[in-house]
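We count ligands from 1, going down the list as the structure has it; atoms in each ligand are counted the same way. Residues: numbered from 1 along the sequence shown.
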Amino acid sequence: MDGWKTRTQLVHEGSRRSQYGEMAEAIFLTQGFVYESAEQAEARFQKAGDDEFIYARYGNPTTRMFEERIAALEGTEDAFATASGMAAVMGSLASLLRAGDHVVSARALFGSCLYVLEEVLQRYGVKVTFVDGADIEQWRAAVVPGVKAVFFESMSNPTLELVDIAAVSEIAHQVGALVIVDNVFATPIFSRAVSQGADVVVYSTTKHIDGQGRALGGVVCGTKDYIRKVLEPFMKHTGGSMSPFTSWIMLNGMVTLDLRCRAMADSARRIATVLETMGQASRVIYPGLSSHPQHALAMAQMGSGGTIVTFEVAGGKDAAFRFLNALQIIKISNNLGDAKSIVTHPATTTHSRLPDDQKARLGITPGLVRLSVGLEDVDDLISDIEQAFSVI
Ligand SMILES: *Cc1c(COP(=O)(O)O)cnc(C)c1O
């Protein structure tokens with residue numbers, strides 16, 4: 001609905017009710033649909049209407065509700081839900097590109113995104129040029145005529161470096177390249193990448209959108225033309241669609257998304273401030289602090305520092321491990337955006353695949369720790385961090 005504000009959209013947008021008038025969104029746990037006649041089946045395969053479904057790999061009423069809700073939130077014409085965030089990343093690129101095409105990508109990427117861009121696409125004959133995402137001059141130099149798409153994470157993992165969505169989009173659009181943004185760290189609450197110039201926005205809904213660590217999922221948001229003519233044919237025939245049960249989980253996750261992201265970001269800001277003043281961490285990275293080199297851009301682009309705080313424990317890997325092991329409330333894992341606070345040691349887990357020079361280049365040092373701030377009481381989280389520092 002035009003004119004609804006975010007929280008109203010998150011509760012109501014996309015809801016479809018069956019003849020029973022159920023209050024909660026129904027899970028249509030069905031792979032297929034029965035046609036009233038052979039003629040109806042024929043017509044539906046020719047062109048399925050908005051409320052007409054064929055097969056769950058193509059679409060499903062529960063999944064459709066989720067797609068409409070996230071498209072409304074993101075402010076895009078349409079969306080397609082996928083089995084995981086990586087199915088969304090892979091689909092957004094593979095549906096568009098063919099051998100001989102050229103893509104420019106930021107270098108600082110989630111490990112599996114890097115694998116797709118560095119290994120998979122190049123294997124299929126797509127040329128990929130990597131740039132330092134925060135450096136606009138590198139984008140300007142690399143995005144030459146003929147570039148088909150640019151890809152970046154609007155805020156990078158784990159060093160929380162921002163890419164200026166508006167500036168890079170302007171450069172890309174001058175040569176007619178499609179701008180695909182992985183917006184997971186920024187969340188759809190803090191950053192509407194399309195309104196800032198991006199063409200396609202991709203989420204791993206495994207993160208903040210589920211927000212309770214239950215299910216893998218992903219979604220691609222964009223224009224009706226891109227979603228239905230480019231992406232959908234690829235996704236529905238290659239098998240990466242979201243299951244109806246997962247869609248139901250994500251629909252329910254969205255209801256509280258705004259409240260959760262804001263509460264988590266408030267706590268993240270408090271924790272980052274405490275870490276900075278406490279002086280135990282040798283470096284604190286949080287875009288919401290004025291010490292962050294891109295603080296002004298973060299405020300303009302997200303109006304928040306987000307829900308993740310990254311910091312360096314002095315003393316390298318040993319000290320970082322002792323810190324992680326001493327935490328009592330904060331769990332050691334590798335998800336983010338969860339209601340439970342999660343701590344990760346990127347150098348030995350999510351980014352362990354990278355060669356040492358690449359890690360150094362991306363600032364992934366042996367003492368670096370990534371904290372995804374959850375919904376616990378922030379004072380308990382601060383106490384947990386303080387006692388863990390006192391142990392080391
Ligand atoms: C987690 C993540 C993905 C991949 O999502 P999955 O749901 O795990 O497949 C992609 N990009 C970013 C930035 C992520 O954090």
Side-chain angles (χ1 to χ4, degrees), residues 63 66 70 74 79-94 105-121 133-134 150-163 165 180-191 193 198 200-221 235 238-243 245-247 249-250 253-254 257 261 264 268 287 301-302 306-310 333-338 340 342-344 346 349-354 362 364 370-374:
T63 300
F66 169 61
I70 184 96
E74 196 59 42
F80 192 95
T82 59
S84 67
M86 285 322 302
V89 169
M90 180 64 188
S92 70
L93 291 160
S105 170
R107 200 184 315 277
L109 293 177
F110 178 74
S112 301
C113 294
L114 186 65
Y115 179 79
V116 165
L117 282 136
E118 202 172 44
E119 310 265 338
V120 182
L121 290 184
V150 306
F151 182 87
F152 58 87
E153 292 169 15
S154 55
M155 184 155 72
S156 75
N157 172 24
T159 51
L160 312 182
E161 205 177 78
L162 274 82
V163 174
I165 298 171
I180 304 174
V181 178
D182 179 334
N183 210 30
V184 166
F185 273 61
T187 82
I189 296 303
F190 296 131
S191 168
V200 175
V201 183
V202 175
Y203 289 102
S204 162
T205 67
T206 315
K207 312 294 165 57
H208 302 79
I209 292 174
D210 173 356
Q212 288 160 80
R214 300 166 295 196
L216 281 178
V219 69
V220 184
C221 304
M235 292 309 305
T238 57
S241 307
M242 184 177 274
S243 86
F245 187 75
T246 299
S247 301
I249 291 173
M250 299 306 167
M254 287 193 75
L257 182 64
C261 286
M264 281 153 56
Q301 194 159 287
M302 307 198 298
T307 68
I308 317 281
V309 182
T310 299
S333 189
N334 36 260
N335 192 20
L336 58 99
D338 197 292
K340 299 182 177 75
I342 290 173
V343 70
T344 310
T349 59
T350 53
H351 292 70
S352 57
R353 207 174 64 83
L354 293 181
L362 295 173
I364 302 166
R370 183 188 82 191
L371 173 63
S372 169
V373 178

Counting only N and O atoms by type, is there a donor-acceptor contact under 3.5 Å from the side chain of Ser372 to the main-chain atoms of Ile342?
no

Output all residues satisfying salt bridge (charged side-chain N to carboxylate O under 4.0 Å, His left out) with Arg214, sequence neighbours left out; order by chain, then residue number.
Asp210

Qualifying residues under side-chain hydrogen bond (donor to acceptor under 3.5 Å, both in side chains), relative to Thr206, sequence neighbours excluded
Ser204

Can you list the residues that meet the side-chain hydrogen bond (donor to acceptor under 3.5 Å, both in side chains) rule with Asn183, with sequence neighbours excluded?
Ser154, Tyr203

Is there a side-chain contact between Asn157 and Arg370 in this structure, where contact means two heavy atoms from C-beta onward sitting under 4.5 Å apart?
yes

Which protein residues come within less than 4.0 angstrom of ligand 1, counting heavy atoms only?
Ser84, Gly85, Met86, Phe110, Cys113, Glu153, Asp182, Val184, Phe185, Ser204, Thr206, Lys207, Leu216, Gly217

Hey, are the side chains of Val89 and Val220 touching, using non-hydrogen atoms and a 4.5 Å cut-off?
no

